[in-house]
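Remember, predicted model here, so these are calculated numbers, not experimental data. Chain naming here is simple, since letters A, B, ... match the order of the sequence lines and numbering starts at 1 in each.
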Amino acid sequence: MRWYDEHRRRHLPWREEPGPYRTLVSEFMLQQTRVETALPFFQRFVDRFPDFASLAAAPLDEVLSLWAGLGYYSRARNLHASARAVVAAGSFPDTVEGLRALPGVGPYMAGAIASIALGQDVPTVDGNIARVLSRLHAFAGSRAKVWPLASLHVPPGRAGDHNQALMDLGSSICVPRKPACMICPLRTHCVAHAEGRPEAFPVLPPKRRAPRRRALAAVWRRGDTILLVRRPAEGLFGGLYDLPWTFDDHDAGPSALQRWLTEELGVPFEVGAQLGTVRHTLTHMRLELQLHVVEGEGEPRLRSFTAARWTDPAAPGELGLPTLARKALRMVIAKS
DNA sequence: AATACGGGGTG
DNA sequence: CACCCAGTATT
């Protein structure tokens, strides 16, 4: 804690003006996301939506548009729903159980917000804290089993600072590989360091390699624009705009795209030249999206998709586009 | 306990 | 290119 109080505390926008709203927004953004990545998104987000009321009043499309590029879009949907729940309830939850009931708030966030924004003496465990405590105790158990250890360390009255100090320590000194044990304030207490094997902890579950998946996308031109569709609310890139595309794992080729497109958009299509291939890696797959020019007559009708827009690929404007769609648009422009 | 769900970083 | 990082919901 002394390490944290004396100059090691990171200065972050959500720490300058702590409070339930900014803490909630920052924690949603920081799930699975590095501080440096989330920073510009946080600024834009709270500029546009400074409080619960403005966020709750906004249409989901606008929230997703600000989230576009940050990933894990269910977080944006859950944050929006949480803001509406807070406004409907008339107050911010004041217990861990109440926080846990907000959509998208799990055990880590509930503990983090209760300790940081509500000043309660509760522990929390994220990847950083799990790593620090696993090493401190040379503990080889899973993430879930670190919680009892975390409870042991919570100092009465300063749980919020304590939890943030552990996270800062984990992200700056007790890092996954080549931790800086020589300058670590916990060095003299750390069992893993004493045993000379800090990198042996934490013990992580084995990871499988993401399979490679092929997909076919349609570039349907009309004048200077191409067709973008809004994806279903749930699932991959849920609620965001995208080129229409479908998986083609069995390599069926253009005929598969033709059939799928006609079914999905309600008009007959012909599939033309291949524009190129966009590669994009997600957590659970490596996607190879092959772009094809298609020709169709009339206006699209909607089945799975929830909206369709003719859009200038060079100026998609406020449309919420995932990074994969942005890559695809860049290729469309390059081949124009 | 396993899987879906983005995107960015480093070597 | 390969490998690494990191919460929640769902099943």
Quick one: does NZ or CZ of Arg231(A) land under 6.0 Å from the six-membered ring centre of Tyr241(A), within 45 degrees of the ring axis? no
Examine Arg75(A) relative to Tyr72(A) and say whether NZ or CZ is less than 6.0 Å from the centre of the six-membered ring and inside a 45° cone about the ring axis. no
So, is [X] close to the [N] phosphate, meaning a side-chain N or O under 4.0 Å from OP1 or OP2?
X         : N      : result
His284(A) : dT3(B) : no
Thr37(A)  : dG7(B) : no
His280(A) : dG6(B) : no
Arg208(A) : dT3(B) : yes

Check: [Y] and [X] side chains under 4.5 Å, non-hydrogen atoms:
X         : Y         : result
Asp242(A) : Leu228(A) : no
Pro13(A)  : Leu39(A)  : yes
Ser134(A) : Arg131(A) : no

Just to be sure I understand the rule, does Pro205(A) reach a base, reach only the sugar-phosphate, or reach nothing, if contact means heavy atoms closer than 4.0 Å?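 It contacts nothing in the nucleic acid.
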Using a 4.0 Å heavy-atom cut-off, does Gly238(A) contact any base of the nucleic acid, only the sugar-phosphate backbone, or nothing at all? nothing
Please give, in whole Å, the distance from dG6(B) P to Leu79(A) CG? 16 Å
Rounding to a whole Å, what distance do you find between Leu321(A):CG and dG6(B):P?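 Distance check: Leu321(A) CG to dG6(B) P gives 14 Å.
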Between Met285(A) and Glu36(A), the residue closer to the 5' end of DNA chain B by nearest nucleotide is Met285(A)
If the plane angle is over 60° it's perpendicular, under 30° parallel, otherwise tilted; pick one for Phe92(A) and Phe52(A).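 Tilted.
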Measuring only the C1' atom in each nucleotide, how far is dT3(B) from dA6(C)? A whole number of Å is fine.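 Comparing C1' positions in dT3(B) and dA6(C) gives a spacing of 15 Å.
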Separation between the C1' atoms of dC5(B) and dC5(C), rounded to whole Å: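 Per the computed distance, 15 Å lies between those C1' atoms.
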Base, backbone or nothing for each nucleotide of nucleotides 1-11 of chain C, written B, S, -, heavy atoms under 4.0 angstrom, 5' to 3'? -S-SBBBSS--
For the pair Arg10(A) and Asp168(A), find out whether any cationic side-chain nitrogen is under 4.0 Å from an anionic carboxylate oxygen.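 A salt bridge is present here (some side-chain N lies under 4.0 Å from a carboxylate O).
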